Undergrad: 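The structure under discussion is supplied below as structure tokens; questions concerning it will follow.
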Amino acid sequence: MTDLAKGPDSGRPMVEALSVHKRFGALHVLRGINLTVQRGEVACMIGPSGSGKTTLLRCMNHLEQVSGGRLYVDGDLMGYREKGDKLHELHPKVAAKQRRDIGMVFQHFNLFPHMTALQNVIEAPTRVKRMHKAQAVEEARKLLDRVGMADKERFYPAQLSGGQQQRVAIARALAMKPKLMLFDEPTSALDPELVGEVLDAMKQLALDGMTMVVVTHEMGFAREVGDQLVFMDGGVVVEAGHPREVLADPKHDRTKAFLSKVL
Amino acid sequence: MTGGMREEAIDAIPLRRTGRWIAAVVILGLLALFVYGAATNSNYEWGIYRKYLFDQRISKGALVTIELTVLAMAIGIGLGVLLAVMRLTGNPVLQGVAWLYLWIFRGTPIFVQLVFWGLFTSLYKHLDIGIPWGPTFATFNIARVNALFFFAVIGLGLNEAAYMAEIVRAGILSVGEGQTEAASALGMSWGLTMRRIVLPQAMRVIIPPTGNEVISMEKTTSLVVAVPLSTDIYNQQNQIAGVIFQPIPLLLVGATWYLAITSVLMFGQYFLEKRFSRGASRKMTARQMDQMLGARSHEEMGA
């Protein structure tokens with residue numbers, strides 16, 4: 001953690017999950033998740049597919065509604081408003097406001113194909129925050145430069161490689177000046193030789209003190225950049241701790257079994 | 001491998017396509033025969049055709065046809081988008097109403113609907129704006145409005161909306177879920193997401209069938225005689241033909257005007273399609289090429 005991240009609020013965690021449950025009809029995907037991510041921390045979530053990592057991540061910016069427990073991001077309860085001992089569903093406008101400060105990067109990039117790289121980045125600042133276009137463009141150019149995409153601002157997503165698209169997607173999320181960045185398997189859809197450039201951009205972001213939650217299969221990244229490694233299976237957190245410790249000396253059998261397959 | 005190979009462009013002798021040439025000659029020959037036959041057949045009455053081609057009654061009729069087409073399509077597209085969005089909201093009442101609308105307006109012939117609109121004033125004499133069973137603020141006397149043109153536009157437009165709704169819905173469904181998720185994650189509202197992200201992408205799918213609908217509408221306007229409105233191209237030429245007993249040349253006059261309008265519409269569609277295909281192709285534009293080459297030569301100079 002850098003000093004940058006230690007603000008006056010450093011006592012309050014950025015993400016706090018208290019016994020979080022998520023059901024899709026009869027399917028019980030999250031079965032009581034307890035998790036804390038501190039400010040400036042990089043938390044990497046690993047686990048077999050179907051373990052609920054992506055669902056938990058999507059709950060963190062309310063793309064999915066939590067069905068039990070409490071999930072706080074920066075002290076705000078996600079998806080609901082607490083009034084006395086009752087919870088009220090949030091109005092979509094309030095939920096949209098909560099999401100503005102939480103950036104998300106998707107496995108399949110999800111860039112807007114009818115807009116150039118630059119237009120993708122300035123879309124939310126100009127339309128949601130109503131920032132002046134000139135200022136948004138100036139900031140977007142800095143962000144594109146930061147992810148090494150300055151010379152491609154006029155290109156449409158279809159004209160970019162997967163790695164380039166994902167870097168533009170990172171710049172697009174950063175343009176809203178998020179306090180938390182969520183990454184949903186950001187390198188899983190990439191050709192092996194393109195993974196490095198995206199991980200480098202993420203590493204740089206971590207060094208700048210951004211709080212990040214990353215669902216990934218990149219153990220090297222988790223070991224090098226992560227402050228916390230969370231192993232999930234069957235909808236629960238099986239084991240969490242410092243990445244080097246968890247990777248070198250897993251306590252649970254399920255963690256051992258999983259790591260022996262992927263390492 | 002490339003040792004003996006030369007780097008020049010290949011200059012091969014083109015393949016002779018004899019069959020193609022024969023087919024082209026036969027078809028052109030038949031076409032020439034037909035044109036010659038039509039030109040020399042006195043029953044076509046080409047003199048009358050030329051006399052009435054630019055007759056003011058016909059060109060005024062063309063204006064009415066264009067007005068009907070534009071206004072009816074405006075209603076059709078606007079209401080069609082509304083119905084499509086209604087069907088895609090989670091609200092069962094809105095979905096049900098949209099479905100009922102489609103069921104009725106697609107399920108009955110346009111001609112029948114137009115006759116019905118012509119009889120509308122027999123059902124309702126005036127339109128009151130106010131609170132039901134309470135005070136009335138304003139009253140419109142429908143029977144006194146220049147109603148025929150108005151009802152023709154309403155009849156064509158409401159029918160068209162049912163078809164446009166399905167075209168728009170197909171377009172919206174063609175945009176992947178990832179797009180709305182990405183927009184939500186950026187804090188964009190549902191309306192903003194629709195307007196800025198979903199509909200512009202849906203346009204690529206919506207425009208070609210909509211072009212079809214516009215052209216189809218232009219010709220369907222000839223049915224407004226059911227209202228009965230008789231100021232459009234078809235009914236104007238029909239009236240002239242009735243007076244001078246020359247249906248064939250006047251039908252050809254009408255057909256020429258329809259064809260001319262359709263040609264202009266097809267031209268417009270080409271440009272719209274081009275506008276909304278941005279980002280669909282991997283081909284680089286000249287400006288993009290410049291940007292990339294500029295960056296490259298910069299690197300080389302720096303190196």
Side-chain angles (χ1 to χ4, degrees), chain A residues 57-58 60-64 91-129 149-161 169 172-178 181-182 184, chain B residues 89-91 171-172 174-207 272-302:
Chain A
L57 197 74
R58 290 165 62 88
M60 286 182 194
N61 72 344
H62 193 222
L63 280 180
E64 304 289 354
H91 190 276
K93 275 194 181 138
V94 184
K97 214 162 206 168
Q98 280 189 340
R99 288 195 195 101
R100 283 176 17 172
D101 304 330
I102 303 170
M104 181 140 187
V105 174
F106 298 86
Q107 182 177 0
H108 296 288
F109 332 131
N110 297 358
L111 288 177
F112 305 132
H114 58 304
M115 298 180 183
T116 63
L118 185 71
Q119 287 167 341
N120 263 281
V121 179
I122 65 170
E123 178 67 13
T126 54
R127 301 280 163 179
V128 179
K129 282 190 172 168
M149 292 295 294
D151 61 335
K152 295 286 197 307
E153 66 169 57
R154 283 210 193 95
F155 281 65
Y156 288 98
Q159 299 169 320
L160 300 172
S161 74
R172 178 176 71 173
L174 290 176
M176 291 298 279
K177 301 196 175 70
M181 283 284 282
L182 308 174
D184 185 11
Chain B
T89 57
N91 187 329
I172 290 175
S174 76
V175 180
E177 203 186 12
Q179 293 292 306
T180 41
E181 277 189 358
S184 298
L186 288 167
M188 294 171 79
S189 65
W190 184 84
L192 194 59
T193 305
M194 266 294 162
R195 196 159 52 79
R196 294 285 307 169
I197 308 300
V198 176
L199 285 176
Q201 292 182 62
M203 287 305 265
R204 270 187 63 220
V205 175
I206 292 173
I207 287 173
L272 268 183
E273 278 184 23
K274 229 176 140 181
R275 167 79 166 70
F276 282 100
S277 70
R278 282 177 311 176
S281 164
R282 304 189 54 156
K283 258 194 234 153
M284 276 190 269
T285 63
R287 287 179 78 184
Q288 290 173 333
M289 204 80 99
D290 278 353
Q291 193 186 11
M292 211 172 73
L293 292 175
R296 195 162 291 167
S297 63
H298 207 73
E299 272 168 33
E300 278 161 11
M301 284 204 300

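Predicted, not measured: the structure shown is a model, and the values here were computed from it. Side chains included, hydrogens not; waters and symmetry mates left out as well; all remaining heavy atoms used. Every chain is numbered from 1, with letters handed out A, B, ... down the list of sequences.
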Undergrad: Does any heavy atom of chain B fall under 4.5 Å from the side chain of R172(A), the backbone, both, or neither of them?
TA: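 Contact with chain B: backbone and side chain both.
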
Undergrad: Which answer fits A124(A), side chain, backbone, both or neither, if we ask what part of it has an atom under 4.5 Å from a heavy atom of chain B?
TA: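 It is the side chain, since no backbone atom gets that close.
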
Undergrad: Quick one, V128(A) and L186(B) - any side-chain contact, counting heavy atoms below 4.5 Å?
TA: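 Result no, sub-4.5 Å side-chain heavy-atom pair not found.
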
Undergrad: For F106(A), which atoms come within 4.5 Å of any heavy atom of chain B: side chain, backbone, both, or neither?
TA: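 Just its side chain gets close to chain B.
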
Undergrad: Answer with side chain, backbone, both or neither: which region of L192(B) has an atom nearer than 4.5 Å to a non-hydrogen atom of chain A?
TA: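 Interface part for L192(B): side chain.
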
Undergrad: Are the side chains of S184(B) and M104(A) in contact, using a 4.5 Å heavy-atom criterion?
TA: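 SC-SC contact between M104(A) and S184(B) ruled out.
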
Undergrad: Within the 4.5 Å heavy-atom criterion, are V198(B) and T193(B) side-chain neighbours or not?
TA: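 Yes. Closest side-chain heavy atoms under 4.5 Å.
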
Undergrad: Where on L111(A) is there a heavy atom nearer than 4.5 Å to chain B: the side chain, the backbone, both, or neither?
TA: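 Contact with chain B is through the backbone of L111(A) alone.
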
Undergrad: Can you find a pair of side-chain heavy atoms, one from M203(B) and one from H114(A), that are under 4.5 Å apart?
TA: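 Counting from C-beta outward, M203(B) and H114(A) never come under 4.5 Å.
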
Undergrad: Pick one of side chain, backbone, both or neither for P113(A), based on which atoms fall under 4.5 Å of a heavy atom in chain B.
TA: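 Interface part for P113(A): both.
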
Undergrad: Taking salt bridge (charged side-chain N to carboxylate O under 4.0 Å, His left out) as the cut-off, I'd like each qualifying pair that reaches into residues 187-207 of chain B, sequence neighbours left out, listed once.
TA: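 Residue pairs passing salt bridge (charged side-chain N to carboxylate O under 4.0 Å, His left out), neighbours aside: E123(A)-R196(B).
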
Undergrad: Is chain B contacted by the side chain of H108(A), its backbone, both, or neither, given a heavy-atom distance below 4.5 Å?
TA: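 Neither part, no heavy atoms under 4.5 Å.
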
Undergrad: Side chain, backbone, both or neither: which part of I102(A) has a heavy atom under 4.5 Å from chain B?
TA: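 For I102(A), the contact with chain B is made by the backbone alone.
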
Undergrad: Keeping to residues at least two apart or across chains, list the salt bridge (charged side-chain N to carboxylate O under 4.0 Å, His left out) pairs with something in residues 94-105 of chain A.
TA: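 Found none.
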
